[in-house]
Amino acid sequence: QVQLVESGGGLVQAEDSTRLSCVANEGTISRLAMGWFRQPPGKEREFVAAIGASGGSIVYADSVKGRFTISRDNAKNILSLQMNNLKPEDSALYYCSGRYGVISRRLDAHRYWGQGTQVTVSS
């Protein structure tokens, strides 16, 4: 069992930066490929970024490429998402996730999910 909890988020201004964290309060993420997904109001959850278990493989959605950075610290059981140059369209409920095996962009591939943290970007 792995329990994930996101932190960070809040109200930020366009072009500003913020950092989200996801910690495993129970279990370890060290053998899990991890990801970040987001769900804007009225829309379905969408892929943001993913990282392999060792951190050597990283994938980003085109919409965040060059602005967001996913990273992990397996020793601390922490997954992070650095978000720079934020845009109003980045406003969403952000979820961290984990899965056994290889890195994946698919929602249905991820077994473990946090409760989500809200990021709202004002223009």
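Pairs of residues two or more places apart, or lying in two chains, that qualify as side-chain hydrogen bond (donor to acceptor under 3.5 Å, both in side chains) and include a residue from residues 102-111 are Ser97-His110. Within the structure, no pair that satisfies the disulfide bond (SG atoms under 2.5 Å apart) test touches residues 32-87, not counting sequence neighbours. Contacts classified as salt bridge (Lys or Arg N to Asp or Glu O under 4.0 Å) and involving residues 64-82 (residues at least two apart or in different chains) are given here: Asp62-Lys65, Arg67-Asp90. Contacts classified as salt bridge (Lys or Arg N to Asp or Glu O under 4.0 Å) and involving residues 44-60 (residues at least two apart or in different chains) are given here: Arg38-Glu46. Sorted by first and then second residue, the disulfide bond (SG atoms under 2.5 Å apart) pairs involving residues 44-123 (not counting sequence neighbours) are Cys22-Cys96.
For Ser122, the side-chain hydrogen bond (donor to acceptor under 3.5 Å, both in side chains) test picks out no residue, with sequence neighbours left out. Residues passing the side-chain contact (heavy atoms from CB on, under 4.5 Å) test with Gln118 are Leu93, Thr120, sequence neighbours excluded. Residues meeting the side-chain hydrogen bond (donor to acceptor under 3.5 Å, both in side chains) test with Gln82, sequence neighbours left out: Arg19, Asn84.
A side-chain donor-acceptor contact under 3.5 Å links Thr117 to the backbone of Gly8.
Phe37 contributes atom CZ, which lies 6.0 Å from atom CZ of Phe47 (distance to the nearest 0.5 angstrom). Note that CG of Asn85 is 9.5 Å distant from CG of Asp16, once rounded to the nearest 0.5 Å.
Between Ala14 and Pro88 the shortest heavy-atom distance is CB-CD, 4.2 Å.
In the hydrophobic clustering, Val23 connects to Val5, Ile78, either directly or through intervening members, whenever side-chain heavy atoms lie under 4.5 Å apart. Cluster note: Phe68 groups with Val2, Leu4, Val12, Leu20, Ile29, Leu32, Met34, Trp36, Val48, Ile51, Ile58, Tyr60, Val64, Ile70, Leu79, Leu81, Met83, Leu86, Tyr94, Tyr100, Tyr112, Val119, Val121 through ILVMFWY side-chain heavy atoms spaced under 4.5 Å, whether in direct contact or through intervening members.
Gln39 CD: more than 12 foreign heavy atoms inside a 6.0 Å radius.
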